[in-house]
Amino acid sequence: MRYSQMLIPTTKETPAEAEVVSHQLLLRAGFIRKLTSGLYTYLPIGLMAMQKVENIVRQEMNRAGAQELLMPMVQPADLWQESGRWKNYGPELLRFKDRHDRDYCLGPTHEEVITDIARRELHSYRQLPINLYQIQTKFRDEIRPRFGLMRGREFVMKDAYSFDVSDEAAGESYKKMHEAYTRIFKRCGLEFRPVEADSGTIGGSFSHEFMVLADTGEDTLVICRECDYAANVEKAKVVLPKKGEQADQELLECIKVATPGMKKVDRVAEFLGVTPEEVIKTMIYLADGEPVAVLVRGDREVQSVKLKNLLNVTEVELADDDTVWKLTKLPVGYIGPVGIPIKLVADQEVMQMVNAVAGAGEKGHHLTGVNPDRDFTPVITSDLRQITVEDSCPLCNGSLELTEGIEVGHIFKLGTNYSEAMDATFQDKEGCQQPLVMGCYGIGVSRVVAAAIEQNHDPNGIIFPLPLAPFQVIVLNLGLKNEETTAAAEKMYLDLQAAGLDVLYDDRDERPGSKFKDADLLGIPYRVTVGKTWEKEGRVELCLRRSGETSTIDYDQASAEVAAMIQAELRSTENIG
RNA sequence: CGGAACGUGGCGCAGUCUGGUAGCGCACUUGACUGGGGGUCAAGUGGUCGGAGGUUCAAAUCCUCUCGUUCCGACCA
């Protein structure tokens with residue numbers, strides 16, 4: 001492409017609305033423009049970058065044996081009523097009516113539609129396994145869209161759905177997708193980790209998220225330093241150490257002490273001369289509206305996703321002060337497990353505590369010498385707290401580290417949730433009707449572009465990994481007033497293009513400074529400059545965006561040499577795995 | 001949903017407190033010079049100050065309502 005003919009509206013200044021670096025750079029480099037909150041136009045060069053991702057995804061999905069199709073974005077409500085999600089998907093599902101007053105929604109995902117296809121078209125075990133995917137715009141009415149392409153309301157997603165004869169076969173399909181995803185993100189040139197994940201509203205039994213490691217990530221991951229274990233903190237299992245010496249401690253009596261005005265664990269602990277580890281924290285949650293008292297050690301935090309899963313509800317929220325008052329006739333701060341008239345659940349760790357401090361269930365008072373089982377008995381005891389770096393790896397007992405990540409892919413073993421709800425069955429070898437065993441697999445294509453930038457940038461702009469770069473090489477003509485130089489630059493452009501490269505030719509009547517700055521901002525990995533060095537020595541300059549490394553090459557060899565370098569680098573990414 | 005901030009040419013902002021002819025930088029147009037890291041000079045184009053209502057002789061500025069955008073939070077007792 002000739003730069004002079006392409007719409008690439010770069011800006012010198014950072015738009016005020018952009019907070020994170022990928023959003024800032026996508027705007028500054030002329031990749032996207034906002035229409036309204038969470039909705040973006042992909043300008044030509046932004047679309048090119050996204051199509052690079054799409055192509056890699058498409059190639060790897062096809063290689064894994066999946067077939068591409070395309071489903072409607074508008075979906076009828078009755079399908080969602082069948083699956084039960086019309087009720088429980090929540091306000092992220094944008095619903096509306098057509099002129100006949102029939103209910104529809106914009107697809108945030110396509111399990112219902114694909115299951116409908118499956119029950120109509122898949123009838124025999126002979127047709128299985130099969131994996132169908134699409135690359136399509138999704139709409140989710142996010143509470144709070146932010147960070148540009150990282151959390152938009154409308155975004156481009158690759159979603160795939162597998163159908164198998166058995167749970168075991170579905171496991172194979174899942175494994176294939178795990179491998180395909182690993183190849184995809186490697187080929188994109190991203191630093192990422194697959195982690196164990198919660199399966200969320202999609203449902204299902206087992207899932208992994210693919211996380212691009214970046215500080216601006218919205219998720220926190222825990223990674224083992226010694227083995228391959230990695231998990232989202234929402235999921236990461238806390239392993240309890242064996243009971244220590246406190247197990248043999250003599251149990252003291254419960255004694256009520258006055259702790260006026262002391263609502264926070266730290267204050268109470270300090271006042272009573274104990275550590276927060278010796279305090280039991282009691283929290284009132286509303287689980288789908290039902291009150292539940294949750295116990296964790298004073299220095300711990302409840303992991304609400306774990307709580308949600310334990311209680312098998314769609315939403316948990318911490319009760320506000322008024323609700324707490326209504327339920328317990330207590331101000332927040334003095335609630336305790338002893339004699340509490342609310343369903344009680346406890347983190348497993350609490351059950352090991354001996355002679356603990358807890359709220360007395362009386363304003364301005366706490367109890368000392370509180371002991372589980374003797375003084376209170378939870379209905380359920382489970383792993384409910386957030387993992388910390390002090391915990392050890394659930395697999396190898398090794399030490400853990402926490403890191404931030406951006407979720408770019410998520411794979412789920414769905415089982416028969418949808419096929420049973422929607423009656424999608426096939427006939428097995430014995431002639432029996434069986435529910436299809438499903439898996440679903442998503443990649444946030446537009447988010448991959450943002451994540452790549454989050455991970456690859458410097459103060460001058462984007463640094464695209466070669467496989468994702470909208471252009472692989474930019475040719476700068478710095479001798480626009482000189483016909484010979486211009487002819488040489490033009491020929492360089494055409495030669496590189498003829499070598500099969502994606503080339504941007506900067507033929508604009510701009511000063512050199514602007515051309516350099518724009519080339520850097522756009523993040524094009526290779527830059528070839530035709531200018532003074534060509535006029536004097538017959539050589540062109542080659543500059544690598546990532547390292548800044550510059551060298552000169554004889555003009556006659558340059559196009560072949562640059563093409564060879566780029567092709568070699570691309571091959572090295574494609575041969576992964 | 002709760003809290004906060006902001007809305008003034010395409011972008012970034014000043015002006016609002018203390019009402020009195022709408023300004024600056026960038027971008028854009030024309031010309032000249034310049035030509036290797038966002039150049040200089042000169043002359044220009046472009047804004048009913050988010051919208052509605054009110055107060056006033058007079059409103060970007062004060063008051064009320066409204067719309068939009070962004071950020072933070074969503075409660076650890």
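Just so we're on the same page: letters track the sequence lines, and every chain starts at 1.
- For A:Gln348 (side chain) and A:Ser382 (main-chain N/O), no donor-acceptor pair under 3.5 Å exists by modelled atom type.
- The partner of B:C62, taking Watson-Crick or G-U wobble pairs whose two distances both stay under 3.5 Å, is B:G54.
- Atom CG of A:Leu318 is separated from atom P of B:C75 by 6 Å (rounded to the nearest Å).
- Using a 4.0 Å heavy-atom distance criterion, A:Thr282 is classed as a base contact.
- The residue A:Arg527 sits close to a base: some heavy atom pair falls under 4.0 Å.
- Among the protein residues, A:Lys263 comes within range of the sugar-phosphate backbone only, with heavy atoms under 4.0 Å from sugar or phosphate atoms but none that close to a base.
- Pair assignment for B:G23: B:C13, on the basis of Watson-Crick or G-U wobble contacts that are both within less than 3.5 Å.
- Counting heavy atoms from C-beta on, the side chains of A:Thr328 and A:Ile342 come closer than 4.5 Å.
- Put simply, CZ on A:Arg267 is 16 Å from P on B:C76, counting in whole angstrom units.
- Geometric assessment of A:Arg95 against the ring of A:Trp86 yields a positive cation-pi assignment under the 6.0 Å and 45° thresholds.
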Can you give me every donor-acceptor pair (side chain of residues 35-46 of chain A, partner residue at least two apart or in another chain, under 3.5 Å) with its distance?
| unit_1 | atom_1 | unit_2 | atom_2 | d |
| --- | --- | --- | --- | --- |
| A:Tyr40 | OH | A:His23 | NE2 | 3.3 |

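- Going from the C1' atom of B:G35 to that of B:A59 covers 49 Å, rounded to whole Å.
- Regarding A:Glu277, its CD atom lies at a distance of 15 Å from the C1' atom of B:C76, rounded to whole Å.
- Taking the nucleotide of RNA chain B with the nearest heavy atom to each of A:Cys543 and A:Val265, the more 5' of the two is matched to A:Cys543.
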Distance-only criterion, 3.5 Å: show the donor-acceptor pairs between side-chain atoms of residues 481-488 of chain A and protein atoms not counting sequence neighbours.
| unit_1 | atom_1 | unit_2 | atom_2 | d |
| --- | --- | --- | --- | --- |
| A:Asn482 | OD1 | A:Glu484 | N | 2.8 |
| A:Asn482 | OD1 | A:Thr485 | N | 3.2 |
| A:Asn482 | OD1 | A:Thr485 | OG1 | 3.4 |
| A:Asn482 | ND2 | A:Thr485 | OG1 | 3.3 |
| A:Thr485 | OG1 | A:Glu535 | OE2 | 2.6 |
| A:Thr486 | OG1 | A:Asn477 | ND2 | 3.4 |
| A:Thr486 | OG1 | A:Gly479 | O | 3.1 |
| A:Thr486 | OG1 | A:Leu480 | O | 3.4 |
| A:Thr486 | OG1 | A:Asn482 | O | 3.0 |

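- As rounded to whole Å, 14 Å separates atom C1' of B:G73 from atom CD of A:Glu317.
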In the 5'-to-3' direction, what one-character label does each nucleotide of nucleotides 4-16 of chain B receive under the scheme B = base within less than 4.0 Å of a protein heavy atom, S = sugar-phosphate only, - = no such atom? -------BSS---

Close N/O contacts between protein and nucleotides 28-35 of chain B (under 3.5 Å):
| unit_1 | atom_1 | unit_2 | atom_2 | d |
| --- | --- | --- | --- | --- |
| B:U34 | O2 | A:Arg511 | NH1 | 2.4 |
| B:G35 | O6 | A:Lys481 | NZ | 3.0 |
| B:G35 | N1 | A:Lys481 | NZ | 3.4 |
| B:G35 | N2 | A:Asp509 | OD1 | 3.3 |
| B:G35 | N2 | A:Glu510 | O | 3.4 |

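- Taking a pair to require two hydrogen-bonding distances under 3.5 Å in either a Watson-Crick or a G-U wobble arrangement, B:U45 remains unpaired.
- Counting any heavy atom pair closer than 4.0 Å across all strands shown, A:Thr36 reaches sugar-phosphate atoms only and no base atom.
- For the C1' atoms, the distance from B:G46 to B:A4 is 34 Å, rounded to whole Å.
- Using a 4.0 Å heavy-atom cutoff across all strands shown, A:Arg28 reaches at least one base atom of the nucleic acid.
- Residue A:Asp320 is out of contact with every strand shown, counting any heavy-atom pair closer than 4.0 Å.
- Note on residues 279-298 of chain A: no pairs pass ring pair (Phe, Tyr, Trp, His ring centres under 6.0 Å), not counting sequence neighbours.
- With hydrogens and angles ignored, no donor-acceptor pair under 3.5 angstrom links the side chain of A:Lys12 to the base of B:C26.
- With B:C76, B:C71, B:G36 as the candidates, the nucleotide lying closest to the side chain of A:Arg146 is B:C71.
- Within the structure, no pair that satisfies the ring pair (Phe, Tyr, Trp, His ring centres under 6.0 Å) test touches residues 291-329 of chain A, not counting sequence neighbours.
- Distance A:Asp322 CG to B:C1 P: 19 Å, rounded to the nearest Å.
- For the P atoms, the distance linking B:G10 with B:G47 amounts to 8 Å, nearest Å.
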Kindly list each side-chain donor-acceptor pair under 3.5 angstrom involving residues 455-466 of chain A, sequence neighbours excluded, with atom names and distances?
| unit_1 | atom_1 | unit_2 | atom_2 | d |
| --- | --- | --- | --- | --- |
| A:Gln455 | OE1 | A:Glu191 | N | 2.8 |
| A:Gln455 | NE2 | A:Glu191 | O | 2.8 |
| A:Gln455 | NE2 | A:Leu213 | O | 2.8 |
| A:Asn456 | OD1 | A:Arg546 | NH1 | 3.1 |
| A:Asn456 | OD1 | A:Arg546 | NH2 | 3.2 |
| A:Asn456 | ND2 | A:Ala452 | O | 2.9 |
| A:His457 | ND1 | A:Ile453 | O | 2.9 |
| A:His457 | ND1 | A:Glu454 | O | 3.2 |
| A:Asp458 | OD1 | A:Asn460 | N | 2.8 |
| A:Asp458 | OD1 | A:Gly461 | N | 3.2 |
| A:Asp458 | OD1 | A:Arg545 | NH2 | 2.8 |
| A:Asp458 | OD2 | A:Arg545 | NH1 | 2.9 |

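- Ring planes of A:Tyr493 and A:Tyr505: parallel class, angle under 30° (limits at 30 and 60°).
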Scan the side chains in residues 9-18 of chain A for donor-acceptor partners under 3.5 Å anywhere in the protein, sequence neighbours excluded, and list what turns up.
| unit_1 | atom_1 | unit_2 | atom_2 | d |
| --- | --- | --- | --- | --- |
| A:Thr10 | OG1 | A:Asp518 | OD1 | 2.9 |
| A:Thr11 | OG1 | A:Glu13 | O | 2.9 |
| A:Glu17 | OE1 | A:Lys34 | NZ | 3.2 |

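- Residue A:Ala18 is classed as having no contact, given no heavy-atom separation below 4.0 Å to the nucleic acid.
- B:C1 and B:G20 have their C1' atoms separated by 44 Å, given to the nearest Å.
- In a base pair of the Watson-Crick type (N1 to N3 plus N6-O4 or O6-N4) or a G-U wobble (N1-O2 and O6-N3), with each distance short of 3.5 Å, B:C75 is matched with no nucleotide.
- Separating the NE2 atom of A:His23 from the P atom of B:U69 is a distance of 13 Å, rounded to the nearest angstrom.
- When Watson-Crick and G-U wobble pairs are counted only if both distances are under 3.5 Å, B:A4 pairs with B:U70.
- Rounded to the nearest Å, the gap between the P atom of B:U66 and that of B:G25 is 39 Å.
- Here B:U40 sits opposite B:A32 as a Watson-Crick or G-U wobble pair (both hydrogen-bonding atom distances under 3.5 Å).
- In the interface, the side chain of A:Asp518 is paired with the base of B:G38 through a donor and an acceptor atom under 3.5 Å apart.
- At a threshold of 4.5 Å between non-hydrogen side-chain atoms, the residues A:Met351 and A:Pro372 count as touching.
- Across B:U16 and B:G50, the matching C1' atoms stand 16 Å from one another, rounded to whole Å.
- Rounded to a whole angstrom, the distance from the P atom of B:C67 to that of B:G15 is 28 Å.
- Among the atoms of the strands shown, none is found under 4.0 Å from any heavy atom of A:Val294.
- Contact between the side-chain N/O atoms of A:Lys264 and the OP1/OP2 oxygens of B:C76 is found at a separation under 4.0 Å.
- Nucleotides B:C26 and B:U70 are separated by 22 Å at their C1' atoms, to the nearest Å.
- Within the structure, every pair that satisfies the ring pair (Phe, Tyr, Trp, His ring centres under 6.0 Å) test and touches residues 342-380 of chain A, not counting sequence neighbours, is listed here: A:Tyr334-A:His366.
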